[in-house]
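The structure appears right after this line, and notes come after that.
Note that ligands are numbered from 1 as they come in the structure, with each ligand's atoms numbered from 1 the same way.
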Amino acid sequence: MTTETTTTPHHLPGGDTVRVEIDDDHGIGWVYFNRPEKRNAMNPKLNFEMFEVLDALEGEDRVKVVVLTGTGAAWSAGMDLKEYFRETDGKPRWVQHRVRGQGTNWQHRKLLNYPKPTIAMVNGWCFGGAFIPLVACDLAIASVDAQFGLSEVNWGVTPGNLVTRALAEVIPTRDAMYHIMTGKPFDGRKAEQMRLVNEAVPAEQLRERTIEIAGELSSLSQWVVHGTKMGFRHSRLMSWEAAEDFLYAKHDQAILFDEQARAKGMQGFLDDKTYRPGLGTHEG
Ligand code: COA
């Protein structure tokens, strides 16, 4: 068991539906879906609080990596069928539009473009709408016995919001079509095989492995990691010419914001001969 010190930052927003802890030992902002009694289904309140928490952690210096996970048996059972759907059904169209917007505000607008590295640590159930934040995180580690499912067809709707679009981003067409059309659930091992997650590990190793990967990210220059991530996310939607311009701009931004990283990197290899960049990063 790890013994890191965690502090709940009182100055950060959050509330009962989202729990947040800052782990100073590892530079991790742990963000929990926190409605375990409802299997962490995302209701309008959670969507609102999640946006506020992620927004606040963006400006929190102590947080180098954000890990999104769930309290209890679920990562998230998707959108809340009662509060998100049934209770907004009879409301005016603009209210429904706003409620939907609060979901997408954090699930993809905020998370997909999050300036810091993000890891989905999938500890349990993951259904429907939960696939959007899952795919929007940069990396995903699952417990082998986590259960995933595109269950929309099972309750009589097509996958709403960006679920289908998100799936198409990461998993092969045959797997995606099978699971969205049949609604058949699958486990963490299968999620790893279809590359929905980077790795599936036994439940008892999940946290430790996530911390290890977060450590690999936080040991690097934060601005270099930021530029690399944004470069990959955005450039593949651009023409080669626009991508060249954008990628050089991110490259130069990283040097501008962290001048030491490149200088130290080159000095250690070319002058001091203390490390080989092909095999790992330099110390300090
Ligand atoms: N929306 C609203 N409520 C949900 C929910 C969801 N997506 N998922 C679970 N809950 C609620 C249940 O209604 C129940 O509430 P209650 O205690 O007031 O009756 C509570 O959470 C516990 O759910 P339960 O089904 O008893 O838990 P379980 O551990 O036996 O099963 C699941 C867990 C996740 C397999 C099951 O709850 C489920 O299939 N949920 C729906 C998943 C889904 O299709 N999501 C897609 C939405 S886009």
Quick check on [atom] - does any protein heavy atom sit closer than 4.0 Å to it?
atom	result
atom 19 (O) of ligand 1	no
atom 25 (O) of ligand 1	no
atom 33 (C) of ligand 1	yes
atom 43 (C) of ligand 1	yes

Closest protein heavy atom to [atom], given as residue, atom name and distance to 0.1 Å:
atom	value
atom 29 (O) of ligand 1	R39 NE, 2.9 Å
atom 45 (N) of ligand 1	A77 O, 2.8 Å
atom 39 (O) of ligand 1	F127 CE1, 4.9 Å
atom 21 (O) of ligand 1	K38 CA, 3.2 Å

*Between D16 and R35, does a salt bridge (charged side-chain N to carboxylate O under 4.0 Å, His left out) hold up when you go through it step by step?*
CA-CA 8 Å; D16 21 313; R35 299 182 70 217; over 6 Å; no
I need the atoms of ligand 1 closer than 4.0 Å to a non-hydrogen atom of [X], numbered in the order shown.
X	answer
S151	43 (C), 44 (O), 45 (N), 46 (C)
L81	1 (N), 2 (C), 6 (C), 7 (N), 47 (C)
A41	1 (N), 5 (C), 6 (C), 7 (N)
E37	20 (C), 21 (O), 22 (C)

*Under a 4.5 Å side-chain heavy-atom rule over Ile, Leu, Val, Met, Phe, Trp and Tyr, are L81 and V153 clustered together?*
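The answer is no; the residues belong to distinct hydrophobic clusters.
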*Can you name the one residue among F127, W75, F186, W125 that meets ring pair (Phe, Tyr, Trp, His ring centres under 6.0 Å) with F148?*
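For F148, the ring pair (Phe, Tyr, Trp, His ring centres under 6.0 Å) check succeeds only for F186.
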*Answer side chain, backbone, both or neither: which part of Q147 comes under 4.0 Å from ligand 1, heavy atoms only.*
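Neither part.
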*Output the distance between atom CZ (F131) and atom CG (N161), rounded to the nearest 0.5 Å.*
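Spacing of CZ (F131) from CG (N161) equals 14.0 Å.
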*Does G129 have a non-hydrogen atom less than 4.0 Å from ligand 1?*
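G129: in contact with ligand 1 (<4.0 Å).
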*Around atom CZ of R262, are there more than 12 heavy atoms of other residues, nucleotides or ligands at under 6.0 Å?*
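No.
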*Does a side chain donor of either E83 or N43 reach within less than 3.5 Å of an acceptor in the other side chain?*
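Yes, side-chain donor-acceptor contact under 3.5 Å.
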*With no hydrogens and no angle check, do the side chains of T118 and D138 hold a donor and an acceptor under 3.5 Å apart?*
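Yes.
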*Establish, yes or no, whether a centroid distance under 6.0 Å links the rings of W223 and F257.*
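Here the rings of F257 and W223 have centres that are less than 6.0 Å from each other.
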*Does any N or O atom in M79 lie less than 3.5 angstrom from one in ligand 1, N or O only?*
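Yes, there is a polar N/O contact under 3.5 Å.
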*Is it true that E192 and K190 make a salt bridge, defined as a side-chain N closer than 4.0 Å to a carboxylate O?*
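Between K190 and E192 there is no salt bridge, as every charged N stays at least 4.0 Å from the carboxylate O atoms.
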*Please report the C-alpha distance between Q267 and K264 in whole Å, then the side-chain angles of each, then the deciding distance to 0.1 Å, and finally whether the side chain to side chain donor-acceptor pair (under 3.5 Å) criterion is met.*
CA-CA 5 Å; Q267 185 182 332; K264 277 193 198 160; over 6 Å; no
